[in-house]
Amino acid sequence: NLQGLPSDSFSTENGVLVTRSNRWPLMIDPQEQARKWIKSMEANNELVLVDLQMDNMISKMENCIQLGIPVLLLDIPEEID
């Protein structure tokens, strides 16, 4: 299947939604399959992984937004302050 995405129909449907959506998806990913898939899919685009606990999280996000670099936010809690 596409870049390491599991071949079951549920994963395929979710992959289509993620890649064709006009909005940014929130993925609940206890098995980290989506994380692996996104990392594989964006490997050539300088994907930056950002965790809310990082000291330089804000500056990394700002730089990526300004330069158009993809960002993957990791381990987001239910509520963000």
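Keep in mind it's a predicted model, so treat the numbers as computed, not measured.
Note that NZ of Lys36 is 15.5 Å distant from CE of Met41, once rounded to the nearest 0.5 Å. Separating the CE atom in Met54 from the CG atom in Leu74 is a distance of 9.0 Å, to the nearest 0.5 Å. Here the straight-line distance linking atom CH2 of Trp37 with atom CD of Glu32 works out to 16.0 Å at 0.5 Å rounding. Rounding to the nearest 0.5 Å places OG of Ser21 at 11.5 Å from CG of Asn14. Atom CG of Asp55 sits about 9.5 Å away from atom CD of Gln53, to the nearest 0.5 Å.
Within 6.0 Å of CG on Asn45 lie more than 12 heavy atoms contributed by other residues, nucleotides or ligands.
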* Asked: Run the side-chain contact (heavy atoms from CB on, under 4.5 Å) check on Val48 and Lys60 step by step: do they pass?
  -> CA-CA 8 Å; Val48 174; Lys60 278 193 172 213; 4.2 Å; yes
* Step-by-step side-chain contact (heavy atoms from CB on, under 4.5 Å) determination, Leu52 to Ile76 -> CA-CA 7 Å; Leu52 294 180; Ile76 304 297; 3.8 Å; yes
* Asked: Does the side-chain contact (heavy atoms from CB on, under 4.5 Å) test come out yes or no for Leu73 and Met61, once each step is laid out?
  -> CA-CA 9 Å; Leu73 298 173; Met61 291 290 295; 3.6 Å; yes
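Residues Leu47 and Leu72 form a side-chain contact, since some pair of their non-hydrogen atoms from C-beta on lies under 4.5 Å apart.
Using a 4.0 Å cut-off between a side-chain N of Lys or Arg and a carboxylate O of Asp or Glu, Arg35 and Asp75 qualify as a salt bridge.
Residues Leu17 and Trp24 fall into different hydrophobic clusters, defined by Ile, Leu, Val, Met, Phe, Trp and Tyr side chains chained together at heavy-atom separations under 4.5 Å. By the rule that hydrophobic residues join a cluster once side-chain heavy atoms approach within less than 4.5 Å of another member, Val16 and Val18 end up as members of separate clusters. There is no path of hydrophobic side-chain contacts, each under 4.5 Å, that joins Ile65 to Met57.
When all heavy atoms are compared, the tightest approach of Pro6 to Thr12 is O-OG1, 4.2 Å.
Using modelled atom types, no side-chain atom of Ser11 and backbone atom of Asp8 make a donor-acceptor pair closer than 3.5 Å.
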